[in-house]
Amino acid sequence: MLPFVTLAVVLSTLKGIFAVSSATIAPAKVVLQSWGVEVNSSLRRRALGPANVPLKDYFNGTDLQWFGGITVGTPPQNFTVVFDSGSFTLEIPSTQCGASCSNQRKFDPSKSSTFVNVGGTTTKTFGTGVGVDPVQGNNWQLTFSCARDTVSVGGLVAPGVNVLLITNQTSTFSPDPFDGIMGLGPALQSGTVFNSLVSQGLPAQFSLFLTPNSVGQAELTLGAADTTKFNGSLTFISQPSSDGNWELPSSGISVNGKTTTTLKKSRTIIFDSGTSSLTLDANTTKAIYAMISPNIQPHGNFGAWGIPCSQIASLPAQLDFTFTSQSGQPFNLTVPSRELNVGPFRDAPTICQTFIKSLDVDIIGGSLLKHYYNLWDVSGSRIGFAKNGMFLMLLSSVVSNLP
Ligand SMILES: *[C@@H]1O[C@H](CO)[C@@H](O)[C@H](O)[C@H]1NC(C)=O
Ligand SMILES: *[C@@H]1O[C@H](CO)[C@@H](O)[C@H](O)[C@H]1NC(C)=O
Ligand SMILES: *[C@@H]1O[C@H](CO)[C@@H](O)[C@H](O)[C@H]1NC(C)=O
Ligand SMILES: *[C@@H]1O[C@H](CO)[C@@H](O)[C@H](O)[C@H]1NC(C)=O
Ligand SMILES: *[C@@H]1O[C@H](CO)[C@@H](O)[C@H](O)[C@H]1NC(C)=O
Ligand SMILES: *[C@@H]1O[C@H](CO)[C@@H](O)[C@H](O)[C@H]1NC(C)=O
Ligand SMILES: *[C@@H]1O[C@H](CO)[C@@H](O)[C@H](O)[C@H]1NC(C)=O
């Protein structure tokens with residue numbers, strides 16, 4: 001998710017639930033491969049190795065968010081978090097949070113010998129929320145007190161990192177099956193879990209395998225790519241600069257193989273693992289939907305669009321986002337037609353919401369990311385993509401089982 005900062009949207013994400021993960025350290029057989037990183041062999045002995053964290057899918061008719069386990073404190077207390085490329089900070093509920101956090105696990109500072117109270121209170125308002133529900137003013141907001149403690153993820157231990165303890169939250173967060181959010185923004189910021197791991201020798205990269213619910217096996221890999229999860233090689237796209245978001249320059253968008261002057265223009269697109277679908281500026285959104293069906297219309301006042309559910313299944317709606325690979329070739333990232341439908345609106349169950357919301361910022365989220373294995377390379381300032389072949393294979397069996 002993106003934190004909402006004045007006009008510039010910042011990413012930030014969600015919060016989570018159940019305990020998932022126990023870490024799998026890379027086995028002797030090399031399946032976790034770090035890319036473009038020279039590790040000094042005398043350092044290697046002490047450096048942290050790559051680690052996998054299994055992820056669960058928060059699925060409610062459509063894939064909403066992916067989350068996995070971490071621990072905080074000594075002895076460790078378990079939490080689940082969304083691993084959010086759209087933010088930097090770690091947020092988990094605290095025992096100070098009352099009824100508003102009743103569905104989430106709460107961190108008890110009095111039970112941690114490594115806990116440090118930093119003091120101060122802050123709030124964070126998100127520019128995109130959890131799942132596909134629209135942002136309406138301040139309806140996605142967390143209130144925190146600031147602390148430091150030891151955090152571990154995938155068995156890798158990060159001592160003394162900043163933890164924002166949630167003391168109140170808007171009701172929009174209550175149904176979430178995860179407790180908190182852990183940021184994985186595109187820079188090494190001091191006080192973050194990722195920076196602490198990198199300072200202990202972990203290569204400054206992580207990978208996400210965000211699969212559809214029917215496929216499973218979703219995974220975060222810290223410090224490497226898990227080469228058992230894709231075939232072929234990764235195609236990298238450089239991030240020329242960053243204002244704090246993972247963002248890549250695109251030269252244009254095509255809809256079902258066709259483009260228009262509105263769509264064929266350069267834009268910078270934020271890549272956010274904490275956003276479940278897509279957001280684009282209003283003119284672009286309108287131009288894309290006009291090429292899919294005139295019956296796709298705005299729904300409500302908060303950027304959502306929809307169409308009668310009875311009409312949606314048959315619509316071709318393939319989006320190709322064109323980028324330039326590091327080797328200088330045009331490279332498309334594709335959202336297939338089946339992502340068009342993100343499910344019925346709660347306030348209008350016969351109308352199905354469609355995959356793009358109009359917002360002042362362009363964001364690619366889960367609807368595209370789940371069709372690729374992706375490696376987020378902080379030191380190389382680039383993101384690599386490989387087709388999610390497992391998905392294609394399983395999809396054919398899923399499709400043949402549909403009623
Ligand atoms: C914490 O999670 C781990 C790994 O899933 C599990 O083995 C352990 O029992 C959990 N601890 C508690 C107190 O729930
Ligand atoms: C590896 O690091 C050690 C300690 O910093 C240094 O002495 C050694 O020369 C380095 N080796 C290489 C091959 O860079
Ligand atoms: C928590 O936030 C809600 C608004 O989301 C507010 O109405 C309530 O008073 C707050 N509770 C506390 C204890 O601050
Ligand atoms: C799932 O969606 C239904 C229908 O929109 C809603 O009533 C329910 O609260 C949702 N459940 C969760 C856990 O989000
Ligand atoms: C990207 O997609 C567009 C529209 O479908 C197509 O014309 C173009 O050939 C594709 N480019 C590559 C490199 O696949
Ligand atoms: C959107 O389109 C309108 C009407 O064509 C135009 O006036 C406006 O400048 C456009 N906005 C952007 C951000 O391109
Ligand atoms: C790689 O390709 C082979 C042959 O098409 C397929 O059986 C296998 O499942 C693929 N593996 C992954 C991880 O995509």
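For clarity, every value in this text was computed on a predicted model and none was experimentally measured. Counting starts at 1 for both ligands and their atoms, following the listed order.
- Counting atoms of ligand 1 from 1 in the listed order, those under 4.0 Å from a heavy atom of N78 are 1 (C), 2 (O), 3 (C), 8 (C), 10 (C), 11 (N), 12 (C), 14 (O).
- Nearest non-hydrogen protein atom to atom 11 (N) of ligand 4 is N60 ND2, 2.8 Å.
- Taking the six-membered ring for Trp and the full ring otherwise, F209 and Y373 have centroids separated by under 6.0 Å.
- Each of the atoms 4 (C), 5 (O) of ligand 5 lies under 4.0 Å from some heavy atom of G257.
- Closest protein heavy atom to atom 13 (C) of ligand 4: Y58 OH, 3.7 Å.
- Within a 6.0 Å sphere centred on CZ of R267, other residues, nucleotides and ligands contribute more than 12 heavy atoms.
- Closest to atom 9 (O) of ligand 4 among all protein heavy atoms lies R346 NH1, 4.4 Å.
- For W66 and F83, the ring centers are positioned 6.0 Å apart or more.
- Within the 4.0 angstrom cut-off, atom 7 (O) of ligand 5 has no protein heavy-atom neighbours.
- Surrounding NZ of K286 are at most 12 heavy atoms belonging to other residues, nucleotides or ligands under 6.0 Å away.
- Using a 3.5 Å distance cut-off with no hydrogens or angles, the side chains of S238 and Q326 do pair a donor with an acceptor.
- The nearest non-hydrogen atom to atom 2 (O) of ligand 5, considering only L333, N332, D320, comes from N332.
- With ring centers used as reference points, F271 lies 6.0 Å or more from W246.
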